[in-house]
Amino acid sequence: MEKLHGFNNRAVRPDYTPELGEDAVMSVTVSPAIPTLTEEEQEDLRGELLRVEDEILTLSQVLATKENQLADIKRKLGITPLNELKQNLSKSWHEVTTSTVYKKTSEGLSVAGQKATAAFNNMGSAISRKFEDVRNTPSFKSFEEKVETLKVKMSPTVSQGDFGDVLTSTATSDPSVVVEKQPEATPIVIQEEHLQ
């Protein structure tokens with residue numbers, strides 16, 4: 001529906017239904033842009049407006065100067081934004097850890113951890129017992145004996161001599177050939193001189 005600005009639509013069109021909230025807007029009387037003030041009152045208000053704007057400007061300048069002064073003092077003390085952040089985080093963490101909610105949660109998790117540890121220990125013991133039971137069964141013993149027999153059959157005979165003797169006897173196919181044994185090398189010890 002077309003609205004006529006400045007006129008009450010109901011007076012122009014009697015069948016008109018106002019939109020939501022329009023009655024409230026139309027019922028408010030439009031006040032003139034400037035209230036009925038005398039010239040002297042208007043002059044006083046303009047003067048007060050200028051004074052308040054000037055005070056706001058002065059306070060903004062003072063605030064900027066104080067912020068610069070604060071930054072200079074912090075710089076001289078070695079307080080960097082990173083240090084401030086660390087301090088804030090440390091303080092916040094301390095507040096969190098001393099809160100009742102954190103303490104209750106921590107206690108609950110501690111109890112849960114203890115119960116989980118006990119459960120794992122019990123499970124580990126049960127598994128160990130089960131392995132021991134399996135190891136003691138006749139079929140496992142038979143298997144173990146077969147593996148041991150296979151191991152003995154496949155391993156070379158162990159010599160009672162030292163490693164060099166074993167290598168020498170292996171290198172010569174005739175055990176009657178005597179191979180001359182080389183003298184053992186003595187380790188070289190390097191001594192460091194301490195400079196003073």
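The chain is numbered in sequence order, starting from 1.
Applying the salt bridge (charged side-chain N to carboxylate O under 4.0 Å, His left out) definition to pairs two or more places apart or across chains, those involving residues 83-101 are Lys74-Glu84.
Here Arg129 pairs with nothing under the salt bridge (Lys or Arg N to Asp or Glu O under 4.0 Å) rule; sequence neighbours left out.
Atom CZ in Arg51 sits 9.5 Å away from atom CG in Asp44 (nearest 0.5 Å). Note that CG of Leu70 is 12.5 Å distant from OG1 of Thr65, once rounded to the nearest 0.5 Å. The structure places CG of Leu85 at 9.5 Å from OG of Ser92, a figure rounded to the nearest 0.5 Å. One distance of note links CD of Gln69 with CD of Glu67; it measures 11.5 Å at 0.5 Å rounding. Between the OG atom of Ser110 and the NZ atom of Lys103 there is a distance of 14.5 Å, given to the nearest 0.5 Å. Taken from OG in Ser139 to CD in Glu144, the straight-line distance is 11.5 Å, to the nearest 0.5 Å.
Annotation: side chain of Lys146 is not in contact with side chain of Phe143 (no heavy-atom distance under 4.5 Å). When side chains are defined from C-beta on, Leu45 counts as touching Glu48, because their heavy atoms get closer than 4.5 Å. Between Glu148 and Val152 there is a side-chain heavy-atom pair separated by less than 4.5 Å. Put simply, the side chain of Thr137 does not reach to within 4.5 Å of the side chain of Lys141, judged on heavy atoms.
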Handout entry: salt bridge (charged side-chain N to carboxylate O under 4.0 Å, His left out) between Glu43 and Arg46, intermediate numbers included
Key = CA-CA 5 Å; Glu43 201 56 41; Arg46 286 188 189 109; 3.8 Å; yes
Practice task
Could you walk me through whether Asp133 and Lys130 pass the salt bridge (charged side-chain N to carboxylate O under 4.0 Å, His left out) test, one step at a time?
Solution key: CA-CA 5 Å; Asp133 292 346; Lys130 192 65 177 173; 5.3 Å; no
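Side-chain N or O atoms of Asn136 include one that pairs as donor or acceptor with a backbone N or O of Glu132 at under 3.5 Å. At least one donor-acceptor pair under 3.5 Å links the side chain of Thr105 to the backbone N or O of Val101. Not a single donor-acceptor pair under 3.5 Å links the side chain of Ser142 to the backbone N or O of Pro138.
For Phe131, the CZ atom is loosely surrounded, since the number of other residues' heavy atoms within 6.0 Å does not exceed 12. Heavy-atom contacts from other residues, nucleotides or ligands closer than 6.0 Å to CD of Glu53 number more than 12.
Note on Asp72 versus Arg75: salt bridge recorded, some NZ/NE/NH1/NH2 to OD/OE distance being below 4.0 Å.
Through side-chain heavy atoms spaced under 4.5 Å, either directly or across other Ile, Leu, Val, Met, Phe, Trp or Tyr residues, Val96 is tied to Trp93, Tyr102.
Residue Val111 is not grouped with residue Leu109 when hydrophobic side chains (ILVMFWY) are merged at heavy-atom distances under 4.5 angstrom, including chains of intermediate members.
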